[in-house]
Amino acid sequence: MTASPNYAHVRGHAYTNVQKAAMAAGVVFLLVGILGFIPGITTNYNLMSFAGHDSGAMLLGVFQVSVLHNIVHLLYGVVGLALARSVAGSRNYLIWGGVVYLALWLYGLIIGHETAANFVPINTADNWLHFVLGVAMVALGFLLTRERRGIMGRT
């Protein structure tokens, strides 16, 4: 395989841009999941509950988190890194992971933040972050595989 600007060579393996994007997203989600368990980075850490709208913990003092919310971020990160091993996996992770985040955004807009339905929990800052993440992930999944679909068929 010849070197091209669409590939980064790491330990003898060439990663495409979509794989690098999926890896980056996976690392960010892992980092956010870890940071959610660190007092100081997560304010009101002593008020963190396992789940539910009553968790008072705030990642970076802005985003409402709980143990469940942090675990979901960790799992999302692990899945991203696992699927980044292939172009198709990376594309699917970015597109369908982004769709999940857009669904969470809509869910967050519809439910009352002080109700039992807000079990993750999420606040207004989370809602809009979910929107931005969803749009960015879907866009990256499509844009970074646009040229490959014609060559490779289904990726």
Side-chain angles (χ1 to χ4, degrees), residues 6-109 111 117-146 148-149 152 154-155:
N6 292 330
Y7 293 89
H9 295 280
V10 179
R11 295 186 202 167
H13 183 83
Y15 292 103
T16 64
N17 287 335
V18 72
Q19 288 176 286
K20 291 185 284 183
M23 281 187 259
V27 167
V28 168
F29 283 116
L30 278 174
L31 183 61
V32 167
I34 292 167
L35 292 176
F37 287 115
I38 299 176
I41 294 173
T42 298
T43 59
N44 302 322
Y45 186 82
N46 59 322
L47 300 177
M48 185 183 300
S49 63
F50 179 77
H53 69 277
D54 58 344
S55 182
M58 304 289 278
L59 179 62
L60 303 173
V62 177
F63 304 102
Q64 188 177 14
V65 293
S66 65
V67 172
L68 178 61
H69 202 154
N70 292 333
I71 290 170
V72 169
H73 288 142
L74 291 169
L75 291 173
Y76 231 72
V78 168
V79 168
L81 291 176
L83 290 177
R85 292 188 282 176
S86 73
V87 171
S90 298
R91 182 175 194 268
N92 285 327
Y93 172 71
L94 291 170
I95 292 171
W96 293 108
V99 167
V100 168
Y101 266 94
L102 289 171
L104 281 172
W105 169 66
L106 290 173
Y107 181 75
L109 292 178
I111 63 158
N118 187 14
F119 65 94
V120 175
I122 51 178
N123 63 11
T124 301
D126 289 307
N127 284 344
W128 292 105
L129 181 61
H130 291 162
F131 174 75
V132 170
L133 285 171
V135 169
M137 289 175 74
V138 169
L140 286 170
F142 281 116
L143 293 173
L144 296 177
T145 57
R146 179 177 53 200
R148 297 181 62 80
R149 285 194 305 270
M152 296 176 55
R154 294 184 315 207
T155 57

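Here the structure is a predicted model, which means the values were calculated and not measured.
- Taking the side-chain contact (heavy atoms from CB on, under 4.5 Å) definition, one finds that V135 meets it with L102, F131, sequence neighbours left out.
- Not one N or O on the side chain of Q19 forms a donor-acceptor pair closer than 3.5 Å with the backbone of S90.
- Sorted by first then second residue, the side-chain hydrogen bond (donor to acceptor under 3.5 Å, both in side chains) pairs that include residues 119-134, not counting sequence neighbours, are H113-N127.
- Applying the ring-ring contact (aromatic ring centres under 6.0 Å, His included) rule to F37 yields no partners; only residues at least two apart in sequence or on another chain are considered.
- Judged as a side-chain contact (heavy atoms from CB on, under 4.5 Å), and not counting sequence neighbours, the contacts of A51 are L68.
- Here the closest non-hydrogen pair linking V62 and A125 is CG1-CB, 3.6 Å.
- To the nearest 0.5 Å, the span separating CG on N70 from CG on L75 amounts to 11.0 Å.
- Heavy atoms only, all atoms of each residue included: Y93 and A25 are closest at CE2-CB, 4.0 Å.
- In terms of modelled atom types and a separation under 3.5 Å, the side chain of T42 and the main chain of L35 share a donor-acceptor contact.
- Taken to the nearest 0.5 Å, the OH atom of Y15 stands 5.0 Å off from the CE atom of M23.
- Taken from CZ in F119 to NE2 in H69, the straight-line distance is 10.5 Å, to the nearest 0.5 Å.
- Two residues are said to be in side-chain contact when any heavy atoms from C-beta on lie closer than 4.5 Å; L104 and I122 fail this criterion.
- Residues meeting the side-chain contact (heavy atoms from CB on, under 4.5 Å) test with A21, sequence neighbours left out: L94, L140, L144.
- A donor-acceptor distance shorter than 3.5 angstrom exists from the side chain of Y76 to the backbone of G97, with no hydrogens or angles considered.
- Minimum heavy-atom separation, V99 to V138: N-CG2, 3.8 Å.
- Every side-chain contact (heavy atoms from CB on, under 4.5 Å) that L60 has, sequence neighbours left out, goes to I41.
- Of all the heavy atoms in M48 and S55, the pair that sits closest is CA-OG, 3.5 Å.
- A side-chain donor-acceptor contact under 3.5 Å links Y107 to the backbone of A117.
- In this structure, R91 contributes its side chain and A88 its backbone to no donor-acceptor pair below 3.5 Å.
- H53 places no side-chain N or O within 3.5 Å of a backbone atom of P121 that could act as its donor or acceptor partner.
- Residue L133 holds its CG atom at 13.0 Å from CH2 of W105, rounded to the nearest 0.5 Å.
- Side-chain contact check for W96 versus L83: every heavy-atom pair is 4.5 Å or farther apart.
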